[in-house]
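Read the structure below first, then the notes.
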Amino acid sequence: MSAKRECPTCRTTYTGDDKLFCPRDGTRLIESAKSPPEDVLVGRVIAGRFVLERRLGKGGMGLVYLANHNVLRRMFAVKLLRREFVSNERALARFFREARVASSVDHPNIVSIYDYGQTEKGEPYLVMEYVEGTLLYKHVVESRTRNLLPLSAVDIALQVARALEHAHQRGVVHRDIKPENILLTTFNGQPNWVKVLDFGVARVVGQPPLTRVGEEIIGTPEFIAPEMMTATGDVMPSVDLYALGIMLHDTIIGEPPFRGDIKEILQGHLNVVPPKLSERRRDVQIPRELDDLVAQLLEKVPARRPSAAEAVQRLEMIRTQLPSRAAAAVHAVGDGGGRSDGTRE
């Protein structure tokens, strides 16, 4: 069954996995709060020990459930391949590749993988740590101004960059970095702690692809790098850095740089240089270094983008230049713009 998403502005509900923005007012859609039908998988026991309690989310190929380990009495997240894909060899290969790739990385900003396998019915499953939190895209669209202060956006991007640095050092490219795959939680008393989710389309550098370029779009159109539409060789870590640049633009401005139908979005990635952050948002201070970093992350030529390690260093430096949340809020009120997001961040 297709996912239902709701526009938080006009409250219109849309059905389908292909819609990310409201056609009426351009607001990013969120998951509908309306009650879903009864889930037949709730109550099932996976691998003899994980009792599925409720559905947490649904992706293109997988379903994620909150599960209680009936021996440890501890909560986990269990991902199952959707029933219609169980007999699809490519989907099975991609699912188990996610399990292998995700379990090869171990970082505080990446969700941990504990186990994977197949049920007695041959259904593949993946057991992950269960983290309570809010997806970044919801954090943005449900904020008062539907964007973030630069300090908050940089804090989040810095953690994502650290996770990417760790993954890239191990030859792992995520390939689908976007706000929908970034979970914000509280860790050791620190709010907005990042957990990077979903390595479903990840690749190990040098590994042959499961999907040929041109056969289907890999990733999310608003966040894919130009070379993912044209390259015939290996996809390199630079695609994740491009997506990081799109994410910084998306969270600070409130929308990605390229909008429209899918053709317009893809043409934007290939041919259009987006305006600087400071040209699109004038109510807050945007350091020149942040403008420059985002512009370089969005370079059309992969070799011109910084590495994840370089992005970490530059984001750490930029963070010291940004005003505190309190100072930014005073500045916004003083300008009469009322665009401070301090109460929601």
Should Asp198 and Lys178 be marked as a salt bridge (Lys or Arg N to Asp or Glu O under 4.0 Å) after you check the CA-CA gap, both sets of side-chain angles, and the distance that decides it?
CA-CA 10 Å; Asp198 199 353; Lys178 58 182 178 179; over 6 Å; no
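- A donor-acceptor pair under 3.5 Å links the side-chain atoms of His69 to the main chain of Leu72, judged by distance alone.
- Note on Ile286: it does not cluster hydrophobically with Val273, by side-chain heavy-atom contacts below 4.5 Å among ILVMFWY residues.
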Apply side-chain contact (heavy atoms from CB on, under 4.5 Å) to the pair Tyr116 and Arg100, showing each step before the final yes or no.
CA-CA 9 Å; Tyr116 63 91; Arg100 291 191 298 271; 3.3 Å; yes
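- Residues Leu63 and Leu81 form no side-chain contact, since every pair of their non-hydrogen atoms from C-beta on lies 4.5 Å or further apart.
- When atom types are taken as modelled, the side chain of Ser143 and the backbone of Arg146 share a donor-acceptor pair closer than 3.5 angstrom.
- Interatomic distance, OG of Ser104 versus CD1 of Ile110, reported as 8.5 Å (0.5 Å rounding).
- Here CE of Met228 is found 8.0 Å from CG of Asp176. Values are rounded to the nearest 0.5 Å.
- Considering Val239, Val196, Leu197 as possible partners of His174, the one that fulfils the side chain to side chain contact (heavy atoms under 4.5 Å, CB included) test is Val196.
- Leu56 and Val51 fall into different hydrophobic clusters, where Ile, Leu, Val, Met, Phe, Trp and Tyr side chains are chained together by heavy-atom contacts under 4.5 Å.
- The two residues Leu290 and Pro150 make their nearest non-hydrogen contact at CD2-CB, 4.4 Å.
- The shortest side-chain heavy-atom distance between Val284 and Leu149 falls under the 4.5 Å cut-off.
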Just do the salt bridge (Lys or Arg N to Asp or Glu O under 4.0 Å) check on Arg162 and Glu316 with the steps written out, would you?
CA-CA 11 Å; Arg162 287 170 176 159; Glu316 288 175 340; 3.1 Å; yes
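- For the pair Asn147 and Ile253, the minimum side-chain heavy-atom distance is 4.5 Å or more.
- Applying the side-chain hydrogen bond (donor to acceptor under 3.5 Å, both in side chains) test to Glu123 and every residue at least two apart in sequence or in another chain returns Arg44, Thr119.
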Applying salt bridge (Lys or Arg N to Asp or Glu O under 4.0 Å) to Arg55 and Asp39, what does each step give before you reach the verdict?
CA-CA 8 Å; Arg55 186 189 294 184; Asp39 194 320; 3.1 Å; yes
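- Within a 6.0 Å radius of CD in Glu89, no more than 12 heavy atoms belonging to other residues, nucleotides or ligands are found.
- Taking CG from Asp115 and OG from Ser103, the interatomic distance works out to 10.0 Å, rounded to the nearest 0.5 Å.
- One distance of note links CG of Leu41 with CD of Glu53; it measures 14.0 Å at 0.5 Å rounding.
- Side-chain polar atoms of Tyr137 and Asp250 form no donor-acceptor pair below 3.5 angstrom.
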Start with the C-alpha gap between Glu279 and Asp291, add the side-chain angles, then the distance that decides, and say whether side-chain contact (heavy atoms from CB on, under 4.5 Å) holds.
CA-CA 9 Å; Glu279 295 173 359; Asp291 262 343; over 6 Å; no
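- No donor-acceptor distance shorter than 3.5 angstrom exists from the side chain of Glu180 to the backbone of Lys138, with no hydrogens or angles considered.
- When all heavy atoms of Leu241 and Ala311 are compared, the pair lying nearest together is CD1-CB, 4.0 Å.
- Between Phe223 and Ile177 the shortest side-chain heavy-atom distance does not fall below 4.5 Å.
- For the pair Asn109 (side chain) and Lys195 (backbone), a donor-acceptor distance under 3.5 Å is absent.
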Can you list the steps and then say if Arg259 with Glu264 is a side-chain contact (heavy atoms from CB on, under 4.5 Å)?
CA-CA 7 Å; Arg259 296 285 301 277; Glu264 292 172 319; over 6 Å; no
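- Across Val272 and Phe258, no two heavy atoms sit closer than the pair O-CZ, 3.3 Å.
- Rounded to the nearest 0.5 angstrom, Asp240 CG and Leu164 CG are separated by 5.0 Å.
- Without hydrogens or angle criteria, Lys300 side chain to His269 main chain gives a donor-acceptor distance under 3.5 Å.
- For the pair Tyr242 and Leu298, the minimum side-chain heavy-atom distance is below 4.5 Å.
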Stepwise, does the salt bridge (Lys or Arg N to Asp or Glu O under 4.0 Å) test hold for Arg305 with Glu227?
CA-CA 13 Å; Arg305 297 174 206 147; Glu227 63 269 26; 2.7 Å; yes
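- Under 3.5 Å, the side chains of Ser152 and Asn192 contain no donor-acceptor pair of N or O atoms.
- The two atoms that bring Ile246 and Pro256 nearest to each other are CG2-CB, 4.2 Å, heavy atoms only.
- With sequence neighbours excluded, no residue satisfies ring pair (Phe, Tyr, Trp, His ring centres under 6.0 Å) with Phe96.
- Between Leu135 and Pro179, the closest side-chain pair of non-hydrogen atoms is not below 4.5 Å.
- The aromatic rings of His166 and His107 are tilted relative to each other, their planes meeting at an angle between 30° and 60°.
- For Leu248 against Ala157, the heavy-atom pair with the smallest separation is CD2-CB, 3.6 Å.
- If you chain together hydrophobic residues whose side chains sit under 4.5 Å apart, Ile224 and Ile262 fall into the same group.
- Side-chain contact between Ile113 and Val127 is absent, with no heavy-atom pair separated by less than 4.5 Å.
- Using modelled atom types, one side-chain atom of Glu129 and one backbone atom of Ser112 make a donor-acceptor pair closer than 3.5 Å.
- Cluster annotation: Trp193 and Leu151 are assigned to distinct hydrophobic clusters (Ile/Leu/Val/Met/Phe/Trp/Tyr, side-chain heavy-atom contacts under 4.5 Å, transitive).
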Could you walk me through whether Tyr114 and Phe76 pass the ring-ring contact (aromatic ring centres under 6.0 Å, His included) test, one step at a time?
CA-CA 9 Å; Tyr114 295 121; Phe76 292 86; 5.6 Å; yes
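- Between the side chain of Gln321 and the backbone N or O of Ile318 there is no donor-acceptor pair closer than 3.5 Å.
- Here Asn68 contributes atom CG and Phe50 contributes atom CZ; the two are 10.0 Å apart, rounded to the nearest 0.5 Å.
- Under a hydrophobic clustering in which Ile, Leu, Val, Met, Phe, Trp and Tyr are joined whenever their side-chain heavy atoms come within less than 4.5 Å, directly or via other members, Leu277 and Met317 fall into the same cluster.
- Judged by distance alone, the side chain of Glu310 and the main-chain N or O of Ser307 form a donor-acceptor pair under 3.5 Å.
- Using modelled atom types, one side-chain atom of Gln159 and one backbone atom of Val194 make a donor-acceptor pair closer than 3.5 Å.
- For the residue pair Leu80 and Ile46, the shortest heavy atom distance occurs at CD2-CD1, 4.2 Å.
- Using a 4.5 Å heavy-atom threshold, the side chains of Pro323 and Gln285 count as touching.
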Output, in order, the C-alpha distance, side-chain angles, deciding distance and verdict of side-chain contact (heavy atoms from CB on, under 4.5 Å) for Val111 and Leu183.
CA-CA 9 Å; Val111 68; Leu183 184 72; over 6 Å; no
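- Annotation: Glu132, atom CD; neighbour count of heavy atoms from other residues, nucleotides and ligands within 6.0 Å does not exceed 12.
- In terms of modelled atom types and a separation under 3.5 Å, the side chain of Arg82 and the main chain of Gly62 share no donor-acceptor contact.
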